[in-house]
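Data block below; observations after.
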Amino acid sequence: MQKKILVIEDETAIREMIVFALESEDYKVVGVENGQSAKQAMAGFTPDLMIIDWMLPGVSGLELVRGFRRSAPTRTKPIIMLTARSEENDRVDGLDSGADDYITKPFSTRELLSRISALLRRADAFESTMQPLQAGEILLDPASHVLTICGKPASPGPTEYKLLLFLMQHPNRVYSRGQLLDYVWGENIYIEERTVDVHVLRLRKLLKQFNVDHMLQTVRGTGYRFSVGSEQQK
Ligand code: CA
C-alpha cells in the first residue's frame, strides 16, 4: 500500500525538494508550510510518517510534535525532525518531545529516504504486533493487554502474559527452553531454563480453568509448542 507522508517545512525550496524526492519514490506526499496548514491538510489525510521542520513561523516544530503525540491518529506514527541546529541539547529536546529521528540540514535526500524507510518498516512491525490474536477460544488484544478465554476475562501474571503473547504470535512451532528465554525474557538475561517450566506450568494452569490447556503442549526432549487448529498432537 502507498505510504502517506506529511511534510511541514516553511522554506519552499527545501519543502519542494523533499516532496519531489518522496514522490519519485512513490510515496503519497502532502507538503505544507506551517502547523495551521498541516491541521487543514490532515482533515482528509492521515499520514503514515511526518517530517517536521524545527523552526516554523507560529507554532514551532517541537510544539507540533507534542501535539501529534497527544492525538490518537498520529500517536504512534514516526516523526522525523528537520533542523539547522546540531547541538546535542536540541537533539535531546527533539527526541524527548516524541520525535523518532532527527536530521540536520543540509542533508542528502538519499539519507532522508533511508531514514524514512527504516522508520516505516519499524512502524509496520509495531502495528503487526498490536493486532488482536485469536487461537480457538483464546483472544488476546496486545493493544489493551486484555485476555479473553471462552468469552471470559482471564488474568495471567506478567510473565505468563508475555509467554502466551509470544506463543500465539508463533503457533504450531516447537521452541526449546533456551529459545523461549531469549524471545520472551530477552537475550543476555541470565535465568535458569527451569524458570521457563515454572511459567509454562502457571500458564497451563490458567488455561486449564477454561479447558483449553491442551493447546500448550510439551514436546518431550525438545520444549514447548502452542498448537492451534484441529490436530491435537500430544
Ligand atoms: Ca524553517
Side-chain angles (χ1 to χ4, degrees), residues 1-86 90-134 141-144 165 168-171:
M1 208 179 71
Q2 203 183 24
K3 294 287 186 186
K4 292 175 283 184
I5 299 181
L6 178 69
V7 182
I8 312 175
E9 162 66 85
D10 59 312
E11 282 169 76
T12 310
I14 297 180
R15 186 179 63 245
E16 286 178 352
M17 175 195 80
I18 296 174
V19 169
F20 177 78
L22 294 178
E23 282 177 344
S24 313
E25 293 293 313
D26 208 32
Y27 291 112
K28 188 169 164 50
V29 193
V30 171
V32 296
E33 56 192 4
N34 56 43
Q36 191 64 38
S37 317
K39 265 192 198 112
Q40 287 160 8
M42 282 175 66
F45 180 87
T46 305
D48 296 298
L49 181 144
M50 290 159 283
I51 299 172
I52 304 176
D53 184 33
W54 183 300
M55 298 293 279
L56 290 169
V59 184
S60 78
L62 214 55
E63 281 305 307
L64 286 178
V65 172
R66 294 200 180 103
F68 286 134
R69 283 295 170 253
R70 284 192 296 263
S71 158
T74 50
R75 186 169 293 146
T76 60
K77 306 295 182 189
I79 296 177
I80 298 176
M81 286 211 81
L82 296 180
T83 178
R85 304 166 180 228
S86 58
D90 294 335
R91 186 187 158 81
V92 170
D93 281 352
L95 296 177
D96 271 358
S97 70
D100 299 272
D101 204 351
Y102 189 98
I103 292 191
T104 308
K105 297 175 192 172
F107 54 87
S108 73
T109 51
R110 222 164 109 203
E111 171 73 10
L112 181 66
L113 288 169
S114 85
R115 304 270 193 108
I116 288 171
S117 57
L119 284 172
L120 286 174
R121 265 200 311 274
R122 204 174 80 187
D124 279 348
F126 179 76
E127 288 294 323
S128 67
T129 63
M130 286 293 126
Q131 293 303 312
L133 297 160
Q134 178 173 15
D141 182 5
S144 61
L165 175 63
M168 287 182 76
Q169 284 170 335
H170 305 88

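The analysis underlying the following values was restricted to heavy atoms, covering all of them including side chains, and did not include hydrogens, waters or symmetry mates. What you are looking at is a predicted structure, and each value in this text was computed from that prediction instead of being measured.
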Kindly write out the residues that satisfy side-chain contact (heavy atoms from CB on, under 4.5 Å) with [X], not counting sequence neighbours, or none if the list is empty.
X: Gln169; answer: Thr129, Leu133, Leu165
X: Glu25; answer: Tyr27, Leu113
X: Ser144; answer: Asp141, Val146

- Looking at residues at least two apart in the chain, or sitting in another chain, which of them share a side chain to side chain donor-acceptor pair (under 3.5 Å) with Ser24? none
- Item | Partner residues of Arg69 under the salt bridge (charged side-chain N to carboxylate O under 4.0 Å, His left out) criterion, sequence neighbours left out | Asp100
- Query: Is Thr109 close to Met17 at the side-chain level, that is, under 4.5 Å between some pair of heavy atoms?
  - Reply: yes
- Query: How many angstroms lie between CD1 in Ile116 and CG in Asp101, if you round to the nearest 0.5 Å?
  - Reply: 10.0 Å
- Separation between CG of Leu49 and CG of Leu22, rounded to the nearest 0.5 Å: 8.5 Å
- Query: Sub-3.5 Å donor-acceptor pair from the side chain of Arg115 to the main-chain atoms of Tyr102, do we have one?
  - Reply: yes
Distance-only donor-acceptor hits, side chain of residues 1-12, under 3.5 Å, sequence neighbours excluded:
| from | atom 1 | to | atom 2 | distance (Å) |
| --- | --- | --- | --- | --- |
| Gln2 | NE2 | Asp26 | O | 3.2 |
| Lys3 | NZ | Asp124 | OD1 | 2.9 |
| Glu9 | OE1 | Lys105 | NZ | 3.0 |
| Glu9 | OE2 | Glu11 | N | 2.9 |
| Glu11 | OE2 | Lys105 | NZ | 3.2 |

- Between Gln131 and Pro142 the two heavy atoms that sit nearest each other are O-CD, 3.3 Å
Show the atom names and distances, to 0.1 Å, of all donor-acceptor pairs under 3.5 Å that link a side chain in residues 57-67 to residues at least two apart or in another chain.
| from | atom 1 | to | atom 2 | distance (Å) |
| --- | --- | --- | --- | --- |
| Ser60 | OG | Leu62 | N | 3.4 |
| Ser60 | OG | Glu63 | N | 3.2 |
| Glu63 | OE2 | Arg66 | NH1 | 2.9 |

- Task: Would you list the pairs meeting salt bridge (Lys or Arg N to Asp or Glu O under 4.0 Å) in which at least one residue belongs to residues 15-24, sequence neighbours left out?
- Result: none
- Item | Crowding at CZ, Phe45 (>12 non-hydrogen neighbours, <6.0 Å) | yes
- Query: So does Phe107 have more than 12 non-hydrogen atoms from other groups sitting under 6.0 Å from CZ?
  - Reply: yes
When the side chains of residues 73-82 are checked against the rest of the protein, which donor-acceptor pairs come out under 3.5 Å, sequence neighbours left out?
| from | atom 1 | to | atom 2 | distance (Å) |
| --- | --- | --- | --- | --- |
| Thr74 | OG1 | Phe68 | O | 2.7 |
| Thr74 | OG1 | Ser71 | O | 3.3 |
| Arg75 | NH2 | Arg70 | O | 3.2 |

- Query: Which pairs count as side-chain hydrogen bond (donor to acceptor under 3.5 Å, both in side chains) when at least one residue sits in residues 35-50, sequence neighbours excluded?
  - Reply: Asn34-Ser37
